[in-house]
Amino acid sequence: MKKSQEFIPQVKKSEYNISDERAELMSAYIEFENVKKIYSMGEVKIAALAGVSFTIEKGEFVVIAGASGAGKSTILNILGGMDTCSEGNIYVDGTKISDFNAKELTTYRRYDIGFVFQFYNLVQNLTVKENVELATQICKNPLNIDETIEAVGLKERAGNFPAQLSGGEQQRVAIARALAKNPKLLLCDEPTGALDYATGKQILKLLQDTCKNHGVSVVVITHNLALTAMGDKVIKVRNGLIESIEINEHPLPVERIEY
Amino acid sequence: MGSALWKDTLREIKKTPGRFFSIMMIVAIGVAFFAGVKASIPDMKHTADQYFDDYHLMDLRVVSTFGLTKDDVSEIQKIDGIEGIFATHTIDVLTLVNSEQYVVKIHALPQNTDEQNMNYLNRVELVEGRLPQKSGECVIQETQMFELPIQVGDQLDLESGKQEALSESLEKNSYTVVGKVKTPYYLSSEIGSSEIGNGKIDFFMMIPQNEFKAEIFTEINLTVSEARAFNSYDDAYFEHVDHVKRAIENIAQDRSEIRFEEIKSEAQKQLDERKQEYDDGKQTFEKEMKTQENKLDTAKTEMILGRASLSANKDRYADQFASYRIQIEEGKQQLETLKATYERSEKTYEETKPQLMQQLDQLETQIADITKQLAENEEAIKDCEQQLKNPELTELERRLLEEKLSSLRQSKQIAETALPYLEPAKQALEVQLKQGEAGLKQTAKMIETQEQQLAIKEQELKDGEAKAQAEFKLGEEKLKNAETAYNEGKIVLEKARVSGQADLDKGKEQLDKAQKDLEEMAEPQWYVLDRHAHYSYMDYGSVADRMEGIAKVFPLFFFLVAALVCLTTMTRIVDEQRSNIGTMKALGYGKNAIASKFILYALIASVFGSLLGCCLGMTIFPTVIFNAWNLMYTLPSISFVSQSGLAISASLIVTMITVSATVAAVYKELTETPALLMRPKAPKAGKKIIMERITFLWKRMSFIQKVTARNLFRYKKRFLMTVIGISGCTALLVAGFGIQDSISSIVNKQYGEILKYDVSLQLKEDVKDSEQKELLKQLQADSRISAVTGITSESAVVYANDEEQTVTIVTADDTETLPQFISLHPRGSDEELPLGSDGVLISEKLSMNCKVKSGDTLEIDAGDGIKRKVTISGIVENYVGHYLYMAPSLYKEVFHIRPYDNTFVIKLSQLGSNEEQALGNDLMKQKSVSSVSFYSGIAASFSDTIASLSFVVVVLVIAAGLLAFIVLYNLTNVNISERLREIATIKVLGFYDLEVAQYVYRENILLTMIGSLCGLGLGIGLHRLIMNLAEMENVMFGRTIEPLSFLISFGITMLFGMIVNIVMYRKLKKIPMVESLKSVE
Ligand SMILES: Nc1ncnc2c1ncn2[C@@H]1O[C@H](COP(=O)(O)OP(=O)(O)OP(=O)(O)O)[C@@H](O)[C@H]1O
Ligand SMILES: [Mg+2]
């Protein structure tokens, strides 16, 4: 693992260099422009997103909140390249991903996106380390696996199978897996949904620290409005539309949030 | 609940068509194989029986060792229960087509070939042309395995192949082919063996009954009334026929005794005639020998005389020359003496000559003196006388004068007296001188003469000697020529004597044997044969029964795969329905009620699968199997017999299997508490596999390899199902291609590695030893032939362990060179087995058929009805026909007759059809050659048969493909559905479609490979089984499978795998990534 020496600093530097240049050229790091997602079920058309616009800056910690069925997951999926929008433009780091075809989207996911699922989605037949390895072996510039696992506090459990871990531990593995890819964007769909309060907090802390330390933009979906305090930006969604976008000048560290 | 259960089950089926289809199809295949292969046995027998019935195949056949008379026929006809009767003849003849000899069995067609004629038995099916209508017309067999080079319209010239002329038996000796026929009497090209030609009958021919001249019938065929109602492969049929059979046997004894006496006396008469012939021949031979010997003796005497006179002449000449030489020698001596005398005389002469000359001079001087004195005296006398006349003279004076005169006169007288003496002395002296000279001269002359004479003599001697030498040379040459001529004559005579004697011995032995045979002749024996003794009937029945073996193996395998497919599928369905089961349980449904949904699912799949399998399997498999066998047999197209029992039992068996598998799958879930069931099933926990313990190996594996290895060992049922299913697929392929390899390889092996000769030349029966030697010499001199040797090849019947086999006995005088022509080695070894006097070598298939091995004994009947024991000393590789090889010494010991070469086997210098044609024509011109066989033709005709076997391969490939598709489809289907979340997740992680496919398929491919490799081994066994079953009685198929076939089988299996993967790739691609977001069910 040669890359271990050049871990965080270098990556950071290069990332910033590029984004500095881009910042001049473009208005924002990520931009949703009137994005619509319409599901047609026979005659009926359901607009999961009815025209959504927002921006996310580099290294921003964004919280998306809203009621069930509001369209949060849809936004995240489209942003993560797992789904395509029906209308509108999406720019990520100066590239218009809304025009991407399936293959380009895959490449985009592969190199730019880290995904953390509500139900962890670890491969049961692989150990912790192997689950992380599964992600790193396909990307160009992965982080050191062992260090990443250590960073999520699972150094001792690296050889365990997911079934031998608690939910929180599993979610941390999932985060390590997403992080190790060294993505531009970390997307988390209710990462604490299946976890108890304390564990959920641990996870959120991990995400917040990651955002701060690695300069990765992090998008977290939550039901819990209390959590909005920790975001740099809070996007509220309702019935497929943006209800509000708030910039939080002083986001609170997770430890200080009670919910 | 009933309808709800149905609805629920049907919805489940609709939801999972792939799984339902997998179970249904594997059930269908299993049932198809099981019921299909099994059904083919009754179907084949039924078809054959129909054929027998339709063409009135005889139920019973009566033959006798001495033929049957008209009286016999009428006696039999009196028996009750006979429907049709046909007393007929058969005869084996030879015919030559394109210089190749064929042995033909001629049967008779009744005059009346009308459908209604119940006495028209063993009817024929006209394939081409028409039936014979007049004398000189015939129909021949429509052959199946190989094409006869005979067309309708061709004329066949027949030969008896025996001593007696064909005209004794048949009206004509040439028949025109007017049609080609098939008959249930012969279902295959195996017509039987014959005493003539090469011993194997090539095809049959049919001519009208009245073409046969013989009064004596060779056989009586008959049908039993109402026997057609039975299937002749059933016991009931034989029970029905048996009472007629026994009735005939009852009259047999009386009939044969009557015949015996007639025959014996006739035979003795014939034998006596032959003995007389032999004696005559012997006398002639001995007389001829004597004459030749006498001639030689005379020549020898003349030669001796000639030699004596030559040597006498030599002696005489030598004497003459010797005396001549002595004379010359004497002459030379005389000459020497003469020369010496001459020299001496010359010396004396030279010495005396001066003396004599001096004397002569003195004498002359004296004479001159005396003459002078005399003259002076005269003067003085005259003076005196004158004076005396003077008268004046005084007396004194006178007296004085007178006195003086007287003294003068006296002196004159003295002188005168002296003078005559002197003159002669002088003359004498002169003479003496002259004489001396003349003497010398004469001697010289004599020497000269003598020398001349000597020279002449020497020349004469030389000439004489030269002449004599020339004469001797001529004489000696003549003598030498005479001697060579004599010696050659002697050799020729010796050869003639040996070969003549051999011919005589042969004749004598034959006669002795014939006499002995006659003495030992058994009483005529009647044989009443039912279909158990009918070769085609038995052969085809056994072929059908052999399918039983396949019917045992295949289904077992397919049922196992079906069970595994069902188990994996149902396990998956049950897993998916977990919470459902839990809910139902919680609602108070009983175990049976819950399980019944799954059982119903399997049941429906099984019922439909069975239905499909029975419908397709019981038509396709019997048809394929029947048609495969019909490459060798000439049955009309298959007619099916309904076998509902089989269909039902096959369906029941397979249904039981699937239901059991379903119960096994659902059982565990049923025992769990509803609460547990309603919670998501803990995903099958990953665990370390054994391989991980082998750290050095594990470390070296790439990440992907590790993942694959883990997954591979994770699902044992699926592993088993796939490996077993795929191995079955590959095994079917290996067997299919192996069948082709094995059958095609035997041609090259038989006619390349074992029988290494290119041509075999059958000699005529009556060929003389000398002619044969002459022909051999001629063949050896032919530049187109690289090697040739003589062998004895004759057909015989061997008996061992109640088996009876027709074999070809091969013996070769020259056991040293035999391996150049026929390689006698055990299969799988290059070591040539020696032909010794301790035992015989037999071909492998013969040993298998007779169940004998090296060291056992066999009994041989070489056509004289006597069984002779021999020990087997080795078993040699051979594929076509049965052979028994023995050393000439052993042959003599066993048969009490020395083997006579009757075949020349030839290796050609160059191979090519033109050369062969030319050589064949040349060879056929030889009067001692009866037929020529080229082996290139045999190889070609065999290859055609193999090509037509390819549809068996096609069926096997299709079956293999189906098996592979079902198993792999099921595996992939279950795998994907179970790992939906995992797959969606890796998609989200950014795996490209191909990478996702690889991630999923790597195991499939590996499993396919493992299964395929296992299948290669399994295929060898399956192939062996099929080959054992398919083998004909006198052909041994190879057991070889070419490496290429393994490769192709492996390749095709992998290809099947790839096809399934490609099909499933679309499904894989369609998996939505949002699956990864769903909660665990
Ligand atoms: N595949 C689909 N077909 C039809 N409608 C869909 C599909 N996926 C989502 N929807 C609809 O789109 C809307 C938005 O769904 P989305 O999953 O984004 O909601 P959400 O905000 O994530 O809700 P929750 O908090 O419950 O996860 C919902 O009304 C849903 O019914
Ligand atoms: Mg959601």
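Computed from a predicted structure; not experimentally measured. In the text below, chain A, chain B and the rest are named by the order of the sequence lines, each starting its count at 1.
- For A:Leu134, the parts lying under 4.5 angstrom from a heavy atom of chain B are both the backbone and the side chain.
- Under 4.0 Å is where a charged nitrogen must lie from a carboxylate oxygen, and between A:Glu133 and A:Lys129 no such pair does.
- In terms of heavy-atom pairs under 4.5 Å with chain A, the best-connected choice from B:Ile986, B:Leu989, B:Asp993 is B:Leu989.
- There is no side-chain donor-acceptor pair under 3.5 Å between B:Glu982 and A:Gln124.
- A:Tyr91 has its side chain out of reach of A:Ile97: every pair of non-hydrogen atoms, C-beta onward, lies at least 4.5 Å apart.
- Using a 4.5 Å cut-off between heavy atoms, B:Phe991 contacts chain A through both its backbone and its side chain.
- If you check the side chains of A:Asn77 and A:Lys37, you find no donor sitting under 3.5 Å from an acceptor.
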